[in-house]
Amino acid sequence: VCPSERFSQQPLLSNCSGFLVGKNTIVTAGHCADGNHDQVCRDNVWIFDHKMEDSKNINLNEIKKSNVYRCKKVVKQVFNRDQDFAVITLDRDVIGRDPLKFRKSGKVSSRANLVVIGHPSMMPLKVSDGGSVLLNKGKYQFTTNLDTFQGNSGSAVFNSETGLLEGILVSGKTDYIPSDESDSQSCKVVNTCDNKGKNCMGTDRGSLEIPGENVTRITTLIKYIK
């Protein structure tokens, strides 16, 4: 990205995001755990507190061993056009952290104020609030205008008024575009859109892209959460 972009100097580490829903159970996007389940468990670890210590500093040289967990089992993983989620059992119980409270039935309100927490573009933990629902008719997913990026896949999406987890961030619009439209190799800037997901900076100006950022409803997978 261009040096002028916000957070451009922060270190990159994570591949996807995830969140705790049980004493040893996490949820993430299905495409973050795609493939042979045994290999998924062998090739990934899950780290808590990958975040900035303050506005300028992060210590990647010392990640507490107690914050690092391995995958014991992929309980359920689905990745298709309609559904995108994975439920994973960790190698041990998570101590000192409360599982998130989540919606058990029904749908998020179309007027809900949304917040997403995760790791955009592989960066340390970021919180983005002020999101709203754009489309809410789908059985398994709803669409928002949340400010998210690749790497936010698996992020927790909350209703800021109720505090309930509503779903899993799974996909969205183009994240970055060349700063010089005539030079595809030029440094990248964030592809900004309006609050309706339209009038984007990209060459198609949002006319051909999906409307916004897609979220798998947490109710799609609660039967797999113990």
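The model shown is predicted, which means the values in this text are computed figures rather than measured ones. Positions are given from 1 along the sequence.
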Atom of [X], atom of [Y] and distance for their closest heavy-atom approach:
X	Y	value
Pro120	Phe149	CB-CD1, 3.7 Å
Lys196	Leu134	O-CD1, 3.9 Å
Trp46	Cys71	NE1-CB, 4.5 Å
Glu166	Asn159	OE2-CB, 3.7 Å
Pro3	Ser8	O-OG, 2.9 Å
Cys2	Val189	SG-CG1, 3.7 Å

Are the side chain of [X] and the backbone of [Y] linked by a donor-acceptor contact shorter than 3.5 Å?
X	Y	result
Asp91	Lys72	no
Thr28	Gly18	no
Arg217	Gly138	yes
Ser121	Met123	no
Glu213	Leu169	no
Ser153	Cys16	no
Asn191	Thr174	yes
Asp84	His31	yes

Are Val108 and Leu100 linked, directly or through other ILVMFWY residues, by side chains that come within less than 4.5 angstrom of each other?
->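 Different hydrophobic clusters.
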
Out of curiosity, does Val21 fall in the hydrophobic cluster containing Val116 (side-chain heavy atoms, cut-off under 4.5 Å, transitive links)?
->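 Each belongs to a different hydrophobic cluster.
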
Stepwise side-chain contact (heavy atoms from CB on, under 4.5 Å) check, Leu146 with Asn152 = CA-CA 11 Å; Leu146 284 164; Asn152 272 120; over 6 Å; no

Test Thr216 against every option in Ile218, Thr220, Asn214 by the side chain to side chain contact (heavy atoms under 4.5 Å, CB included) rule and name the one that passes.
->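 Going through the options one by one, the only one that passes is Thr220.
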
Could you note down all residue pairs passing side chain to side chain donor-acceptor pair (under 3.5 Å) where residues 11-25 supplies at least one of them, sequence neighbours left out?
->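 Every pair satisfying side chain to side chain donor-acceptor pair (under 3.5 Å) with a residue in residues 11-25: Ser17-Ser155.
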
Could you tell me the separation between the CG atom of Leu13 and the CD1 atom of Ile63, rounded to the nearest 0.5 Å?
->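 Answer rounded to 0.5 Å: 5.5 Å.
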
When you look at Leu135 and Phe142, which way does the side-chain contact (heavy atoms from CB on, under 4.5 Å) test go after all the steps?
-> CA-CA 6 Å; Leu135 299 172; Phe142 60 96; over 6 Å; no

Kindly indicate, with the supporting measurements, whether the criterion salt bridge (charged side-chain N to carboxylate O under 4.0 Å, His left out) is fulfilled by Arg97 and Asp49.
-> CA-CA 11 Å; Arg97 301 174 191 274; Asp49 293 342; 2.8 Å; yes

May I ask you to establish whether Arg92 and Tyr69 are in a cation-pi arrangement, using a distance under 6.0 Å from NZ or CZ to the six-membered ring centre and at most 45° from the ring axis?
->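 Judged by the rule (NZ or CZ under 6.0 Å from the ring centre, within 45° of its axis), Arg92 counts as positioned above Tyr69.
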
Cation over ring face, Lys126 and Phe7, 6.0 Å, 45° =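 The answer is yes; both the distance and angle limits are met.
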
Take a 6.0 Å sphere around [atom1] of [X] and say whether it holds more than 12 heavy atoms from other residues, nucleotides or ligands.
X	atom1	answer
Asp183	CG	yes
Asn195	CG	no
Gln150	CD	no
Lys188	NZ	yes

Are Thr219 and Lys104 side-chain neighbours, meaning at least one heavy-atom pair lies under 4.5 Å?
->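 No, side chains not in contact.
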
Between Ser110 and Asn136, a side-chain donor and acceptor under 3.5 Å =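 Judged by distance alone, the side chains do pair up.
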
Evaluate the criterion side-chain contact (heavy atoms from CB on, under 4.5 Å) for residue pair Val27 and Phe102; output intermediate values, then yes/no.
-> CA-CA 12 Å; Val27 166; Phe102 51 86; over 6 Å; no

Starting from the C-alpha separation in whole Å, work towards a yes-or-no answer on side-chain contact (heavy atoms from CB on, under 4.5 Å) for Lys139 and Asp82.
-> CA-CA 8 Å; Lys139 181 178 180 180; Asp82 297 320; over 6 Å; no

